[in-house]
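The structure appears below as structure tokens.
Each residue takes its place number in the sequence, starting with 1.
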Amino acid sequence: MATKQDSPLSAFLLVAVAPMCWAGNIVLAKGVVELIPPVALAFWRWTIAFLILLPLTWPAVRKDWKQAADGWKILLLLSLFGITGFNTLLYMAVHSTTAINGALIQTTMPAVIMVICLLLYGERFSPLQAAGVILCVIGAGVVVLKGSWQALVHMNLVQGDLLMIVAVVLYALYSALLPKRPNIHPMSFLVYTFGIGALGLLPF
């Protein structure tokens with residue numbers, strides 16, 4: 001989030017970098033689809049990230065331990081939705097769908113987040129935002145159905161597309177629940193969720 005000291009340019013650059021990272025995640029997952037099983041890829045991704053961040057953020061992690069322990073329920077939910085569930089389903093999805101399809105379906109995430117926030121918190125959005133939601137849904141529908149509305153009747157959907165839709169819903173839930181996270185340092189939050197998310201994958 002940009003502060004008063006940040007320039008508008010830096011804020012826009014950060015916003016641009018985020019979708020590039022998301023796109024790179026899908027392309028990389030598709031590239032190693034024959035080499036690494038999806039659960040293993042997700043597990044080692046989050047485990048390595050956790051091990052890299054932990055020593056760098058240890059003072060904040062140790063300081064925030066009590067608040068994190070008190071908020072373990074919401075931390076568990078956020079970890080399962082945003083870390084364990086979303087990425088694992090994404091990596092499973094690219095086994096039977098294309099990276100382009102996965103990325104395009106992922107563009108519906110803002111729309112899904114808005115709908116979930118409306119259901120959970122009663123948040124309202126403007127007509128312009130509603131138009132954006134409709135366009136996102138229509139665009140994703142065209143991609144998933146491959147431009148043929150007959151596929152909707154016959155449910156002729158690729159398994160990977162369906163998995164990607166579920167993954168988007170999980171991450172939308174993660175995003176909508178973020179305001180309820182414990183009041184801890186952002187880097188502590190990442191370390192805790194990465195660790196819990198990786199543990200959730202360990203049995204598999």
Shortest non-hydrogen contact from N87 toward W46: ND2-CZ2, 3.0 Å
Would a 4.5 Å heavy-atom cut-off, applied to side chains only, mark P186 and L190 as touching? no
Is there a path of hydrophobic side-chain contacts, each under 4.5 Å between heavy atoms of I, L, V, M, F, W or Y residues, that connects V166 with V115? no
Connected via hydrophobic side-chain network under 4.5 Å: L35 and I26: yes
Where do G200 and P203 come nearest, in terms of heavy atoms and distance? O-CD, 3.6 Å
Out of curiosity, does F194 fall in the hydrophobic cluster containing L202 (side-chain heavy atoms, cut-off under 4.5 Å, transitive links)? yes
Any donor-acceptor pair under 3.5 Å linking the side chain of K30 with the backbone of Y91? no
Out of curiosity, does V27 fall in the hydrophobic cluster containing W44 (side-chain heavy atoms, cut-off under 4.5 Å, transitive links)? no
Output for pair (I165 CD1, L170 CG), nearest 0.5 Å, gives 12.5 Å
In one Ile/Leu/Val/Met/Phe/Trp/Tyr side-chain cluster, 4.5 Å: L128, I138: no
Which distance, rounded to the nearest 0.5 Å, do you find between the OG1 of T57 and the CZ of F189? 13.0 Å
Would you compute the distance between atom SG of C117 and atom CG of L177 and round it to the nearest 0.5 angstrom? 8.5 Å
Examine distances only and state if a side-chain atom of T88 and a backbone atom of G85 form a donor-acceptor pair shorter than 3.5 Å. no
Output for pair (Q159 CD, M92 CE), nearest 0.5 Å, gives 7.0 Å
What's the spacing between T84 OG1 and L199 CG if we round to 0.5 Å? 8.5 Å
With R181 as reference, evaluate L78, T193, L75 under the side-chain contact (heavy atoms from CB on, under 4.5 Å) test and give the passing residue. L78
Here the pair of heavy atoms bringing A93 nearest to G160 is CB-O, 3.2 Å
Please confirm whether Y171 and F86 have ring centers closer than 6.0 angstrom. yes
Report the C-alpha separation of V191 and M187 in whole Å, then their side-chain angles, then the decisive distance to 0.1 Å, and conclude whether the side-chain contact (heavy atoms from CB on, under 4.5 Å) test is met. CA-CA 6 Å; V191 170; M187 296 306 295; 5.6 Å; no
Set out, in order, the CA-CA distance, both residues' side-chain angles and the distance that settles side-chain contact (heavy atoms from CB on, under 4.5 Å) for L76 and I196, then state yes or no. CA-CA 7 Å; L76 178 62; I196 297 171; 3.9 Å; yes
Short side-chain to backbone donor-acceptor contact, T97 and V94, under 3.5 Å: no
So Q106 and L90, side-chain contact (heavy atoms from CB on, under 4.5 Å) or not? Walk me through it. CA-CA 10 Å; Q106 193 170 270; L90 185 154; 3.6 Å; yes
For a quick test of reading the model, state the closest non-hydrogen atom pair linking I36 to L41 and the distance between them. CG2-N, 3.6 Å
Between A198 and T47, what is the shortest heavy-atom contact and its length? CB-OG1, 3.6 Å
State, to 0.1 Å, how close V168 and M109 come at their nearest heavy-atom pair, and which atoms those are. CG1-CA, 3.8 Å
Tell me if a side-chain donor or acceptor on S188 pairs with a main-chain N or O of V61 at a distance below 3.5 Å. yes
Interatomic distance, L135 atom CG to T108 atom OG1 [nearest 0.5 angstrom]: 13.0 Å
Residue pair M164, L89: steps toward the side-chain contact (heavy atoms from CB on, under 4.5 Å) verdict: CA-CA 7 Å; M164 196 63 213; L89 288 175; over 6 Å; no
Heavy-atom side-chain contact between D70 and P182 under 4.5 Å: no
